[in-house]
Amino acid sequence: MRLLHSPLKSAFVLRCLASVWGVFALSGCSWQSLLGLDGKQSTFDVQGPVARTQLQLFYVTCWVTFSIFVIVAGVLAYATIKFKARSESDEHAESPAQGHGNPVVEMVLIGGSVLALVIIAIPTLKAILYTYDVPEADRSNAYEVTATGYQWWFKFDYPGEQVPGSGNLTTANELVIPAGRPVRVNLRSMDVMHSFWVPKLAGKVDMIPNRPNFLWLKADQPGYFWGQCAEFCGESHAVMRFRVIALGPREFNDWLAQQRQPARTVQGVAAFGGAGVHLAALRPFAENETGASGAFEVAPLDAWRAKQFPEKNENPELISKGRQLFAEKTCISCHTIRGVQAALGVTGPDLTHVGARSSIAGGLLDNTPEQIQRWIHNPGLVKPGNKMWVTGYLVNHIQLTPDDELALVAFLESLK
Ligand code: CUA
């Protein structure tokens with residue numbers, strides 16, 4: 001029995017499709033998210049003009065090659081069907097007269113190929129010129145930072161921001177930039193070749209030893225972006241990551257002012273056993289267990305903002321003990337913490353405000369007490385071959401008791 005007449009049926013189907021579309025539209029779903037193309041490092045979910053230009057160029061190339069595919073596949077399908085053997089006699093028929101070149105067809109093919117290349121070449125050249133450096137008109141408004149690749153982490157310098165007594169402002173793993181403003185990133189390398197890539201904003205451009213390179217990027221809106229070294233640079237290349245945090249002008253200036261300050265000092269007596277000190281044992285981590293804690297999955301920028309303030313339940317005794325251990329265990333010879341005596345090392349990342357960052361260990365682990373403990377417990381397991389493990393822990397025979405680890409975690413977390 002037919003319940004629906006055809007026109008009714010198609011109206012029903014259309015209504016169903018419209019409501020499905022409506023649900024996605026209302027829930028703010030884009031086609032990128034429908035197809036799963038809006039991941040942390042998706043080049044389809046662009047958030048700035050440089051990445052957008054690169055994506056548009058990708059689409060032009062795709063459409064041109066797709067058109068060529070349709071034409072070639074269409075002609076092939078036409079010939080296959082039209083000249084198919086339909087009977088016994090067809091199968092044994094003489095071959096038709098063979099042609100040896102047709103000037104018109106050849107001219108059309110050559111012309112078509114040249115046209116396809118020109119269609120791709122014009123936007124390619126425009127994109128190369130546009131993405132090479134900050135556009136002339138915008139140059140006076142550009143903000144400048146320097147990114148340096150190390151095996152296996154990124155250092156970020158702010159040449160325009162001087163800190164009295166210690167040169168320019170330096171941070172690591174996380175590049176904080178002003179949103180809506182072009183940012184020129186000088187690219188340097190301390191050891192081997194690395195490559196700077198923030199898929200949603202810009203990249204990739206190589207960081208080459210002894211060769212000054214640069215790129216520019218701009219984030220349309222305040223946001224939190226994931227970056228990655230994109231050039232094989234040794235055994236832990238895959239875990240050489242970083243984050244980019246774009247802030248509005250006022251918040252960015254507040255952040256700079258905070259960063260210029262020396263490390264926060266929490267007063268306390270360096271001792272254990274005070275009321276409320278609870279020593280939790282390190283939970284076992286699988287060798288390749290993810291460092292993502294879930295804290296930065298839903299609203300990463302808000303989670304980052306929350307990291308800028310001291311924890312409510314800080315333990316001053318534990319923090320003081322951690323500060324003391326930071327010197328005793330020779331951490332000071334590789335890391336700078338402005339405001340902590342003798343912590344002047346430059347081999348490893350500057351840790352002056354490490355507690356206010358959302359990630360540690362080259363952007364690999366989320367900055368949570370659990371992950372810091374995991375990292376200082378055995379850095380070699382998290383990032384094979386890294387200097388902190390090989391030339392730090394192994395050479396200096398650094399051994400940390402569970403109590404030491406907790407004190408160091410509390411100290412590092414307190415550095416806002
Ligand atoms: Cu640095 Cu790959």
Side-chain angles (χ1 to χ4, degrees), residues 39-43 50-51 54 131 144-159 170-177 183-217 224-245 287-292 296 334-336 345-351 354 357-367 371 374-376 378-394:
K40 285 176 184 171
Q41 304 204 130
S42 171
T43 47
V50 175
Q54 292 169 328
T131 58
E144 190 179 353
V145 295
T146 299
T148 309
Y150 287 69
Q151 283 174 317
W152 292 274
W153 57 283
F154 289 90
K155 182 175 88 165
F156 299 111
D157 283 292
Y158 292 72
T170 298
T171 180
N173 295 344
E174 301 195 350
L175 175 61
V176 179
I177 56 167
V183 178
R184 192 183 202 267
V185 188
N186 303 312
L187 302 172
R188 306 285 183 265
S189 172
M190 205 57 187
D191 34 49
V192 299
M193 272 173 71
H194 303 276
S195 176
F196 183 94
W197 190 32
V198 198
K200 295 193 183 192
L201 296 180
K204 14 173 135 156
V205 175
D206 281 355
M207 311 167 102
I208 303 169
N210 302 317
R211 187 191 191 287
N213 239 351
F214 61 89
L215 59 69
W216 77 279
L217 52 82
Y224 188 96
F225 308 96
W226 276 264
Q228 168 84 46
C229 175
E231 176 76 47
F232 180 71
C233 55
E235 60 188 313
S236 282
H237 150 72
V239 293
M240 178 172 170
R241 303 176 193 173
F242 64 106
R243 322 269 173 111
V244 175
I245 292 108
E287 195 180 328
N288 287 321
E289 190 175 324
T290 169
F296 301 94
C334 289
H335 296 282
T336 292
V346 291
T347 317
D350 183 305
L351 299 178
V354 68
R357 294 176 200 154
S358 50
S359 61
I360 57 161
L364 175 64
L365 307 177
D366 280 356
N367 187 0
Q371 296 293 344
R374 174 191 183 185
W375 172 243
I376 61 175
N378 189 334
L381 272 185
V382 178
K383 205 193 275 183
N386 81 82
K387 287 204 174 73
M388 175 158 146
W389 176 245
V390 178
T391 58
Y393 278 50
L394 296 185

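Both ligands and their constituent atoms are indexed starting at 1 by order of listing. The first residue of the sequence shown is numbered 1, and numbering continues consecutively from there.
- Using a distance-only test at 3.5 Å, with no hydrogens or angles considered, a donor-acceptor pair links the side chain of Ser236 to the main chain of Pro384.
- A salt bridge links Asp157 to Lys155: at least one charged side-chain nitrogen sits closer than 4.0 Å to a carboxylate oxygen.
- Residue contact annotation: Cys233 places an N/O/S atom under 2.8 Å from atom 2 (Cu) of ligand 1.
- Val50 and Ala202 make their closest contact through CG1-CB, 3.6 Å (heavy atoms, listed as atom of the first residue, atom of the second, distance).
- Atom 2 (Cu) of ligand 1 sits nearest to atom ND1 when only the N, O or S atoms of His237 are considered.
- Here the N, O or S atom of Glu231 that is nearest to atom 2 (Cu) of ligand 1 is O.
- Side-chain contact check for Thr146 and Asn186: at least one donor-acceptor pair (N or O, by modelled atom type) lies under 3.5 Å.
- Within His194, the N/O/S atom positioned nearest atom 1 (Cu) of ligand 1 carries the name ND1.
- Within the coordination shell of atom 1 (Cu) of ligand 1, defined by N, O or S atoms under 2.8 Å, Met240 is present.
- The aromatic ring centres of Trp152 and Phe154 sit 6.0 Å or more apart.
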